[in-house]
Structures are given as C-alpha cells and as structure tokens.
Colleague: 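Got a structure for you, questions after.
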Amino acid sequence: MDQRETTISKIHSQLDELNRTLDDLEKTIKDKSAQASSAYDKEMINLHEKLNEMRAKLEGMKTASTDRWDNMMEHIEVLQHAFIASYNFFKEELKKK
C-alpha cells in the first residue's frame with residue numbers, strides 16, 4: 001500500500017470513528033426532553049453535514065493529482081479540526097442542560 005492509500009485509509013477510519021461519536025451523541029440527545037431534543041436537531045444536522053463534506057473530500061482525494069493532493073490534505077485537516085471543535089462545543093453545551 002502506498003502512502004496515498006495509507007493516508008486515505010487512516011482518514012477513512014477517523015471519519016468512521018467520528019460517525020460513531022455522532023451516533024453516541026444522538027443517543028444522549030434522545031434521552032433529553034423532547035423540547036431540548038428538537039433544539040439540538042439543527043446542530044446535529046450541521047455536524048452530519050460537516051462529516052459528509054469530509055467524506056466527499058476523501059473520495060476526491062482518491063483520484064487527485066499530486067498537485068491537488070497537498071491542497072486537499074490541508075483542506076480535510078481544517079475540516080476535521082472544525083468538526084471536532086464544533087462537536088466538543090456542542091457536547092459541553094449538552095452537559096450544561
């Protein structure tokens with residue numbers, strides 16, 4: 001397996017883990033009252049959209065030219081950091097409620 005395939009596989013595994021984390025968060029939300037749960041739905045949609053955007057970028061990386069590869073790696077890293085920051089903020093907000 002070359003470095004590109006190894007990197008893609010690693011990112012794919014990270015995205016799978018983030019998806020499992022979102023599933024756990026959704027279970028926590030469902031345990032909250034119905035009113036609170038509906039308020040969190042928008043944020044969950046936002047988190048899922050960010051995760052789907054990362055998955056789309058990952059698919060593009062599979063066929064990217066060498067020139068585009070570095071740019072795409074930087075972009076997916078930024079997306080990952082933004083996702084994790086949003087997730088952590090949302091999780092902390094849930095703890096407060």
Side-chain angles (χ1 to χ4, degrees):
M1 189 180 295
D2 68 5
Q3 185 174 356
R4 180 182 287 222
E5 291 172 350
T6 301
T7 301
I8 289 171
S9 178
K10 178 183 172 190
I11 293 170
H12 193 278
S13 294
Q14 290 171 341
L15 293 177
D16 287 344
E17 179 61 29
L18 291 172
N19 195 57
R20 284 189 292 276
T21 302
L22 276 184
D23 290 343
D24 292 342
L25 186 60
E26 284 181 311
K27 289 175 189 172
T28 301
I29 291 169
K30 288 179 182 177
D31 291 341
K32 302 283 183 183
S33 71
Q35 229 177 11
S37 179
S38 66
Y40 298 131
D41 286 344
K42 290 180 187 176
E43 186 60 31
M44 287 304 300
I45 289 169
N46 181 38
L47 289 170
H48 278 289
E49 286 173 353
K50 286 180 180 179
L51 190 59
N52 289 336
E53 183 180 356
M54 286 188 285
R55 286 193 188 284
K57 290 288 181 192
L58 180 62
E59 287 304 310
M61 290 175 71
K62 291 179 181 178
T63 58
S65 66
T66 304
D67 293 339
R68 289 192 60 224
W69 173 263
D70 291 335
N71 185 33
M72 293 180 86
M73 272 301 298
E74 289 175 20
H75 192 163
I76 202 162
E77 288 172 355
V78 168
L79 289 172
Q80 282 180 301
H81 291 295
F83 176 88
I84 292 168
S86 293
Y87 170 81
N88 287 335
F89 177 79
F90 184 51
K91 188 176 175 182
E92 288 304 311
E93 288 298 308
L94 279 174
K95 288 179 182 178
K96 293 177 185 177
K97 307 265 178 186

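We're numbering straight along the sequence, starting at 1. Computed over heavy atoms, backbone and side chain alike; hydrogens, waters and symmetry mates excluded.
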Colleague: For Asn46 and Glu43, what are the C-alpha separation, side-chain angles and deciding distance, and is it a side-chain contact (heavy atoms from CB on, under 4.5 Å)?
Modeller: CA-CA 5 Å; Asn46 181 38; Glu43 186 60 31; 3.6 Å; yes
Colleague: Ignoring hydrogens, what is the shortest heavy-atom contact between Ala82 and Lys50? Give both atom names and the distance.
Modeller: O-NZ, 4.2 Å
Colleague: Can you name the closest pair of heavy atoms from Leu58 and Ile76 and give their distance?
Modeller: N-CD1, 4.1 Å
Colleague: Using only atom types and a distance under 3.5 Å, with no angle test, would you say the side chain of Asn88 pairs donor to acceptor with the backbone of Ile84?
Modeller: yes
Colleague: Partners of His75 by side chain to side chain donor-acceptor pair (under 3.5 Å), sequence neighbours excluded?
Modeller: none
Colleague: If you define the side chain from C-beta out and look only at heavy atoms, does anything of Asn52 sit under 4.5 Å from Glu49?
Modeller: no
Colleague: For residues 61-72, run the donor-acceptor check on the side chains, cut-off 3.5 Å, and write out each pair with its distance to 0.1 Å, sequence neighbours left out.
Modeller:
{"from": "Lys62", "atom 1": "NZ", "to": "Glu59", "atom 2": "OE1", "distance (Å)": "3.4"}
{"from": "Lys62", "atom 1": "NZ", "to": "Glu59", "atom 2": "OE2", "distance (Å)": "3.0"}
{"from": "Ser65", "atom 1": "OG", "to": "Arg68", "atom 2": "N", "distance (Å)": "3.3"}

Colleague: Rounded to the nearest 0.5 Å, what's the gap from CG on Leu79 to NZ on Lys57? Could you check?
Modeller: 7.0 Å
Colleague: Heavy-atom distance under 4.5 Å between the side chains of Tyr87 and Leu51, does that happen here?
Modeller: no
Colleague: Hey, could you give me the CG/NZ distance between Leu25 and Lys91, rounded to the nearest 0.5 Å?
Modeller: 8.0 Å
Colleague: Is there a side-chain contact between Ile11 and Met73, using heavy atoms and a 4.5 Å cut-off?
Modeller: yes
Colleague: What's the spacing between Met54 CE and Gln80 CD if we round to 0.5 Å?
Modeller: 6.0 Å
Colleague: State the CD1-CG distance between Ile8 and Leu15, to the nearest 0.5 angstrom.
Modeller: 11.5 Å
Colleague: Kindly say whether Glu5 contributes a backbone atom to a donor-acceptor pair with the side chain of Ser9 at under 3.5 angstrom?
Modeller: no
Colleague: Quick one: pull up CG in Asp23 and CG in Leu18 and give me the separation to the nearest 0.5 Å.
Modeller: 11.0 Å
